[in-house]
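Notes follow once the structure below has been shown.
Throughout, protein chains are lettered first and strands after them, A, B, ... in sequence-line order, and every chain is numbered starting at 1. Below, each value reflects all heavy atoms present in this structure, side chains not excepted, and no hydrogens, waters or symmetry copies.
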Number of protein chains: 2
Amino acid sequence: MAAIQSPKSQYQQVADLLRGRIADGTYSADQPLPSEPQLSAELGVSRQTINRAINVLRNAGLVRVRRGFGTFIRGVPQVTRDAKKRYAARNQGTGAGDVEIKALGLTPRTEYVEIGRVPAPPGVADVLRIEVDAPVLVRRRRLFANDEPTQLADSFIPWDIAEGAPELLKRDVGRGGSYTRLAELGHGPVRFTEEVTVRTATEDEAQLLELDGGQPVIDITHIAWDAADRAVEVALHVMPGNLWRLRYDWDDPTADEYPTADGDA
Amino acid sequence: MAAIQSPKSQYQQVADLLRGRIADGTYSADQPLPSEPQLSAELGVSRQTINRAINVLRNAGLVRVRRGFGTFIRGVPQVTRDAKKRYAARNQGTGAGDVEIKALGLTPRTEYVEIGRVPAPPGVADVLRIEVDAPVLVRRRRLFANDEPTQLADSFIPWDIAEGAPELLKRDVGRGGSYTRLAELGHGPVRFTEEVTVRTATEDEAQLLELDGGQPVIDITHIAWDAADRAVEVALHVMPGNLWRLRYDWDDPTADEYPTADGDA
DNA sequence: CAGTGGTCTAGACCACCAC
DNA sequence: TGGTGGTCTAGACCACTGC
């Protein structure tokens with residue numbers, strides 16, 4: 001099917017070779033890969049070419065470079081995030097984010113970056129349909145699996161709602177999680193929307209997620225709606241693209257409306 | 001917030017500069033960007049450095065290089081794909097894929113790459129819970145917006161179902177689309193699941209989608225289940241990562257089960 | 001300190017494109 | 001044929017790491 005292509009560039013070939021060696025276990029996960037000068041000598045290409053090849057693997061999330069130290073295989077398995085289940089699990093613990101990590105036998109950890117009252121950033125204000133700079137409660141968290149950062153999760157709640165539940169200003173928001181607190185205030189979420197985009201990480205995100213610049217991230221805007229159809233919470237999730245698998249499912253509400261064989265308007 | 005960083009590398013600075021010039025309209029979408037030697041002379045850095053900067057923009061999907069001709073701004077807006085609505089729109093035309101494109105005022109086009117009876121590929125057989133190499137109907141399509149490829153969509157239906165509806169072997173599967181044909185056979189989908197991952201494009205995909213190698217793609221495995229909970233169709237979608245925005249929404253089925261304030265098991 | 005990867009340059013050769 | 005981008009090399013300097 002593929003058209004005849006000119007022979008691959010050397011750095012692509014080197015990248016394929018290294019990919020193969022990673023896959024078949026030639027290189028172990030404990031040891032660093034051979035150094036760039038070593039590979040350069042072994043394969044008879046310049047160090048630049050080796051470096052370019054390794055950059056290909058980095059972009060694919062296959063290896064991780066620790067500067068001044070060496071290049072290592074990234075041994076983190078993919079985490080499945082089931083949109084429905086993660087919120088249904090609210091009765092089992094504090095954060096919904098821990099469920100998926102534990103399921104893989106990894107150790108989750110949550111770092112609270114910021115919890116407090118701040119002016120709403122433009123994007124958030126827009127979604128919550130409030131004025132820019134109107135006060136909101138923000139909860140910024142960084143989630144880890146086995147001490148590797150796996151996700152940034154910034155949650156915003158309009159202040160006029162949040163002020164009713166002082167627990168929301170604590171790290172541990174208490175039994176059932178923040179949605180339960182919202183429910184107690186009469187704003188329990190009954191509907192959720194998520195918008196998913198893929199983009200390259202910003203510098204800040206790359207730092208916090210320990211990614212190389214330019215690596216793709218998944219950007220999820222999660223909105224919780226209460227029974228009065230008010231947006232009561234926005235959560236912005238940013239996650240390394242190669243690390244996650246998102247799962248959604250739904251019933252077809254119009255399953256009984258297939259056109260009949262004889263046709264009608 | 002960001003820690004003190006050493007000054008950025010030159011190619012990053014050049015990339016930022018070019019990004020700025022694209023954003024503020026210094027460079028028009030009709031004209032190619034200045035050539036690499038020109039930029040090299042203007043900015044006083046080597047051509048390699050310019051080239052690297054442009055590669056950053058390519059990975060972000062901001063520009064598109066036509067070899068031997070020039071580098072151009074990619075002016076395609078993001079398309080929103082609403083998982084529920086796209087299937088609900090089945091009564092309006094043939095393909096569900098056209099809806100989103102038209103909504104943006106772009107011209108959709110579908111290219112049928114392959115329609116026929118083939119042995120099930122391993123991944124597909126696994127999902128459909130049939131033997132590898134058991135026969136399936138495949139419909140491979142490539143979707144365009146304004147003649148730019150926006151999506152690969154390969155659909156698989158177990159042959160024992162598909163053979164009941166000869167229309168499924170035609171390009172135009174008829175009124176209501178393929179799900180209506182399945183419904184007529186007693187296998188109308190009532191439930192859907194989608195799994196979304198992000199990865200770098202394979203060579204074949206890069207060619208078909210006119211991407212540069214290494215660019216991230218969104219990979220969606222869409223499964224349609226009938227009332228007997230049998231997987232009656234699998235659709236594999238591959239789309240340029242920067243081109244799409246995925247939208248999902250769902251009601252919380254457990255909204256009335258928030259723990260009460262006084263608590264119980 | 002020696003070894004690692006990050007980056008930069010000058011120069012070069014090539015494939016591809018439009019004319 | 002001349003201009004475009006794709007790639008490669010040798011050599012260099014640097015920041016960072018662990019010892």
Side-chain angles (χ1 to χ4, degrees), chain A residues 2-18 27 30-59 62-74 201 203 206-207 210-215, chain B residues 3-18 27 30-59 62-74 203 206-207 210-215:
Chain A
I4 311 97
Q5 284 297 93
S6 46
K8 273 191 202 176
S9 52
Q10 294 188 50
Y11 79 90
Q12 287 285 3
Q13 296 180 45
V14 173
D16 289 345
L17 178 75
L18 295 178
Y27 298 143
D30 315 322
Q31 296 291 110
L33 263 54
S35 73
E36 296 188 356
Q38 275 172 34
L39 286 170
S40 168
E42 182 200 338
L43 304 177
V45 297
S46 75
R47 211 199 108 201
Q48 273 270 4
T49 302
I50 298 291
N51 185 275
R52 249 190 117 166
I54 289 180
N55 276 332
V56 172
L57 303 188
R58 286 170 61 163
N59 268 325
L62 264 176
V63 299
R64 168 167 180 179
V65 174
R66 289 208 263 163
R67 213 180 151 174
F69 192 28
T71 303
F72 295 82
I73 298 173
R74 257 196 182 254
E203 288 168 54
Q207 244 186 29
E210 293 174 18
L211 293 178
D212 309 309
Q215 268 193 275
Chain B
I4 310 96
Q5 285 299 91
S6 47
K8 273 191 203 177
S9 51
Q10 295 187 48
Y11 79 89
Q12 287 284 4
Q13 295 179 45
V14 173
D16 289 344
L17 178 75
L18 295 179
Y27 297 145
D30 313 323
Q31 296 292 110
L33 264 55
S35 73
E36 295 188 357
Q38 276 172 32
L39 287 169
S40 168
E42 181 200 337
L43 304 176
V45 297
S46 74
R47 209 199 110 198
Q48 275 269 6
T49 302
I50 299 291
N51 185 275
R52 246 189 121 167
I54 289 180
N55 275 333
V56 171
L57 303 188
R58 285 170 60 161
N59 268 324
L62 264 176
V63 299
R64 166 162 182 184
V65 174
R66 289 207 264 164
R67 215 180 151 173
F69 193 29
T71 302
F72 295 81
I73 299 173
R74 253 195 185 255
E203 288 168 54
Q207 243 186 30
E210 293 175 18
L211 294 176
D212 308 310
Q215 269 194 273

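Between A:E210 and A:R74, the shortest heavy-atom distance links the atoms O-NH2, 3.4 Å. Nearest approach of A:P34 to A:L39, heavy atoms of both residues: O-CD1, 3.6 Å.
Between the CZ atom of A:F72 and the C1' atom of C:dG3 there is a distance of 13 Å, rounded to whole Å.
Taking a pair to require two hydrogen-bonding distances under 3.5 Å in either a Watson-Crick or a G-U wobble arrangement, C:dC19 remains unpaired.
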How would you summarise protein contacts on nucleotides 4-9 of chain D per nucleotide, using B for base, S for sugar-phosphate only and - for none, with heavy-atom distances below 4.0 Å? BBBBBB

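Side chain of A:Q215 to backbone of A:A201: no donor-acceptor contact under 3.5 angstrom is found.
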Test log, rule side chain to side chain contact (heavy atoms under 4.5 Å, CB included), inputs A:V45 and A:Q13: CA-CA 11 Å; A:V45 297; A:Q13 296 180 45; over 6 Å; no

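You'll find the side chain of B:L17 reaches within 4.5 Å of the side chain of B:L43, heavy atoms only.
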